[in-house]
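Take a look at the structure below.
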Protein chains: 2
Amino acid sequence: MTRTNPSPDTADAESTETRVAVSTVIFSLRRDGDEDPRLVLPLVKRTRDPYEGLWALPGGWLDASENLDEAASRTLAETTGLSASYLEQLYAFGDIGRSPSRVVSIVYWALLRSDEVDAQSAAHAAAGDAPENVDWFTATDLPGLAFDHNAIVDYALWRLRNKVGYSRIAHGLLPDAFTLADLREVNEAILDRKLDPANFRRQVENSNTLIPTESFRTGSHRPARLYRYNQDVELADRGPLGRPRSHESSTT
Amino acid sequence: MTRTNPSPDTADAESTETRVAVSTVIFSLRRDGDEDPRLVLPLVKRTRDPYEGLWALPGGWLDASENLDEAASRTLAETTGLSASYLEQLYAFGDIGRSPSRVVSIVYWALLRSDEVDAQSAAHAAAGDAPENVDWFTATDLPGLAFDHNAIVDYALWRLRNKVGYSRIAHGLLPDAFTLADLREVNEAILDRKLDPANFRRQVENSNTLIPTESFRTGSHRPARLYRYNQDVELADRGPLGRPRSHESSTT
DNA sequence: TCAAAAGTGTTGCTCATACACCCATGA
DNA sequence: TCATGGGTGTATGAGCAACACTTTTGA
């Protein structure tokens with residue numbers, strides 16, 4: 001029972017090296033026509049074994065010279081061309097059987113602002129350089145994915161839903177200025193249930209996370225006030241870890 | 001920007017291998033005399049560079065043939081001779097600068113039942129084979145540790161305190177049968193504040209996690225009923241991940 | 001009979017929900 | 001003027017903190 005694998009972090013010890021991958025579950029929001037918005041995420045089609053032809057989470061091997069969250073940001077940028085408005089480590093998956101050969105995957109989850117995704121898509125369409133092998137899927141209705149990636153997405157969804165309950169994270173999916181109805185719809189899409197507009201309004205007003213602007217969005221009814229996110233308030237309490245050093249740009 | 005590190009989990013790709021360590025923040029409870037109990041954790045004195053002579057979290061290199069939580073259980077058993085009543089992954093630390101050479105540490109946190117720790121210590125004392133280079137420290141009053149281990153312990157403490165707030169996890173530190181006062185003292189030790197005995201009683205009674213026994217502990221006052229943990233209820237909600245396959249024994 | 005802890009009752013506050021209602025605009 | 005969503009007011013109930021109170025034991 002008492003194997004003597006020498007104590008860790010020692011430079012000289014003979015130690016088994018392991019292949020370490022970093023993958024990210026990237027959430028964004030899409031609204032088609034006048035449907036309710038829904039959570040979507042980008043997947044990459046595998047071009048080699050194992051699981052060739054199946055869809056998988058975007059990711060890549062951990063570079064020797066980069067931190068874990070840098071690797072997540074990098075692979076995220078490589079597949080979407082964008083930087084995340086929120087990025088958090090999800091879990092490290094390392095079971096023996098999860099891949100034909102031993103791979104430890106450090107998985108992150110991220111939020112992308114829907115307007116940036118839309119702009120990017122439009123740019124690609126205009127330039128005719130839409131990326132091969134990348135497509136967006138409805139988060140709650142995925143095909144069978146490579147490896148254990150279905151389970152990973154399920155866990156990421158669970159974390160997202162949890163987090164939405166106790167922190168104001170939903171506007172990571174929204175443009176800079178948005179109405180309370182926008183924000184409520186995001187929460188409804190994440191939680192998959194309707195929220196009372198009146199009570200929702202009071203909750204966010206009391207949470208102090210939003211700054212009202214003097215702009216209004218006009219529709220065919222009473223105009224709705226636009227709000228902006230209060231940068232002084234952390235999106236989510238992550239304890240002593242704080243927010244990762246921001247490699248993500250502040251694309252204002 | 002678009003480096004082409006081939007997509008992960010591919011068996012054939014040239015990929016940088018990384019040394020992966022698994023460490024564990026192991027919490028237990030100690031009461032000296034009639035003091036309030038306090039959280040303690042075992043540390044291992046490093047016997048080689050880097051940080052030779054400093055105390056560090058118990059851990060070891062990840063074996064090629066074991067899952068991550070198996071590695072945590074193994075190293076936990078190697079340093080304490082015991083198995084945990086609760087084990088959960090904490091975080092993966094992999095910053096470039098955290099060790100002279102690149103090491104990714106998958107860190108777990110665990111709870112040990114105080115009675116098992118005491119029995120183990122007594123056995124060691126009797127046999128005169130108390131382990132070298134291992135000692136127990138008060139969790140909130142640690143010396144300067146090797147690597148980034150102080151920050152890791154801080155984060156583990158934060159997680160433990162958080163979790164105690166929304167799940168009934170504290171009896172992972174207690175023997176099989178315990179009084180409500182015992183349980184309350186554990187919570188007080190973790191949260192570092194006094195709790196109202198009356199309200200605490202109602203909370204746990206309503207949570208349905210405890211089974212009252214017909215035994216009582218007598219002192220110099222009214223005897224207190226002993227309770228047992230209700231195995232049907234999960235200690236903590238971990239979402240789709242569920243509880244790890246139990247390598248930990250069910251030492252009843 | 002007294003000290004001390006076990007255990008019960010009660011009150012008041014905060015907050016979430018449900019829902020009735022008024023407001024402002026475009027058509 | 002009317003339909004529609006924006007926005008306000010308010011009653012109800014659950015849950016929790018505070019604390020007074022009763023019960024049961026050993027000394």
Side-chain angles (χ1 to χ4, degrees), chain A residues 31 33-37 161-168 170-171 174 177-228 237, chain B residues 31 33-37 161-168 170-171 174 177-228 237:
Chain A
R31 51 187 340 139
D34 51 356
E35 293 173 16
D36 287 340
R161 291 192 174 120
N162 251 10
K163 206 126 202 168
V164 141
Y166 64 85
S167 53
R168 307 279 154 227
H171 42 310
L174 286 176
F178 48 85
T179 68
L180 289 181
D182 290 339
L183 187 57
R184 178 170 47 82
E185 282 182 344
V186 175
N187 279 270
E188 289 174 344
I190 293 173
L191 299 174
D192 198 26
R193 65 187 171 91
K194 292 294 175 189
L195 302 174
D196 184 303
N199 297 329
F200 182 80
R201 160 181 300 273
R202 269 180 294 249
Q203 280 183 27
V204 307
E205 276 173 351
N206 294 338
S207 75
N208 229 50
T209 50
L210 296 190
I211 302 171
T213 71
E214 291 312 312
S215 313
F216 290 82
R217 174 181 303 161
T218 102
S220 53
H221 357 282
R222 173 170 176 176
R225 184 182 292 275
L226 289 171
Y227 290 80
R228 205 172 292 281
D237 186 11
Chain B
R31 52 185 339 139
D34 51 358
E35 292 173 17
D36 288 339
R161 291 191 175 122
N162 251 7
K163 206 126 202 168
V164 142
Y166 64 85
S167 51
R168 307 278 155 227
H171 41 312
L174 286 177
F178 48 86
T179 68
L180 289 181
D182 291 338
L183 187 58
R184 179 170 47 81
E185 281 182 343
V186 175
N187 278 271
E188 288 174 344
I190 293 173
L191 299 174
D192 198 26
R193 64 186 172 93
K194 293 294 177 189
L195 302 175
D196 184 303
N199 296 330
F200 182 80
R201 161 181 299 274
R202 270 180 294 248
Q203 280 183 28
V204 307
E205 277 172 350
N206 294 338
S207 75
N208 228 48
T209 49
L210 295 189
I211 302 170
T213 70
E214 290 312 311
S215 313
F216 290 81
R217 174 182 304 161
T218 101
S220 54
H221 353 281
R222 175 170 173 176
R225 184 182 293 274
L226 289 171
Y227 290 80
R228 205 171 290 282
D237 187 9

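Letters A, B, ... are given to chains in the order of the sequence lines, protein chains preceding strands, and every chain is numbered from 1. Heavy-atom basis, side chains included; hydrogens, waters and symmetry copies ignored. Quick caveat: nothing in here was measured; it's all calculated off a predicted structure.
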Polar side-chain contact [X]-[N] base: donor and acceptor under 3.5 Å:
X: Asp196(A); N: dA16(C); answer: no
X: Arg222(A); N: dA24(C); answer: no
X: Arg202(A); N: dT10(D); answer: yes

Between [atom2] of [N] and [atom1] of [X], the distance in whole Å:
X: Phe216(A); N: dC23(C); atom1: CZ; atom2: P; value: 16 Å
X: Arg184(B); N: dA17(D); atom1: CZ; atom2: C1'; value: 15 Å
X: Arg225(A); N: dA24(C); atom1: CZ; atom2: P; value: 12 Å
X: Lys194(B); N: dA18(D); atom1: NZ; atom2: C1'; value: 17 Å
X: Phe200(A); N: dA18(C); atom1: CZ; atom2: P; value: 15 Å
X: Leu180(B); N: dA5(C); atom1: CG; atom2: C1'; value: 12 Å
X: Phe178(B); N: dA6(C); atom1: CZ; atom2: P; value: 14 Å
X: Asn187(B); N: dC16(D); atom1: CG; atom2: P; value: 14 Å

5′-ward residue of the pair Asn206(A)/Pro223(A) relative to DNA chain C: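 Result: Asn206(A).
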Leu183(B) and its side-chain contact (heavy atoms from CB on, under 4.5 Å) partner, picked from Leu210(B), Thr209(B), Leu195(B):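 Result for side-chain contact (heavy atoms from CB on, under 4.5 Å) with Leu183(B): Leu210(B).
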Among dG7(C), dT17(C), dA18(D), the one nearest Asn199(B) by side-chain distance: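 Nearest to the side chain of Asn199(B) among the choices is dA18(D).
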Select one nucleotide: of dA6(C), dG6(D), dA17(D), the one nearest the side-chain heavy atoms of Gln203(B).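 Nearest to the side-chain atoms of Gln203(B), counting from C-beta on, is dA17(D).
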Ionic contact status for Lys194(A) with Asp36(A), cut-off 4.0 Å: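 Yes, Asp36(A) and Lys194(A) are salt-bridged.
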Pair Arg31(B) + Glu35(B), salt bridge at N-O below 4.0 Å: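 Salt bridge between Arg31(B) and Glu35(B), a charged N being under 4.0 Å from a carboxylate O: no.
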Distance-only, no hydrogens or angles: does the Thr213(B) side chain make a donor-acceptor pair with backbone N or O of Leu226(B) under 3.5 Å?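 Yes, the answer is positive, given that a donor and an acceptor are paired below the 3.5 Å cut-off.
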Let me know, please, whether His221(A) or Glu205(A) comes out on the 5' side of the other along DNA chain D by nearest nucleotide.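 Counting from the 5' end, the first nearest nucleotide belongs to His221(A).
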For Ala198(B) and for Arg201(A), find the nucleotide of DNA chain D with the closest heavy atom, then tell me which residue's nucleotide is more 5'.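 Here Arg201(A) is the residue nearer the 5' end.
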Looking at CZ of Arg222(B) and CZ of Phe216(B), how far apart are the two atoms once the value is rounded to the nearest 0.5 Å?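 Between atom CZ of Arg222(B) and atom CZ of Phe216(B) there are 8.5 Å.
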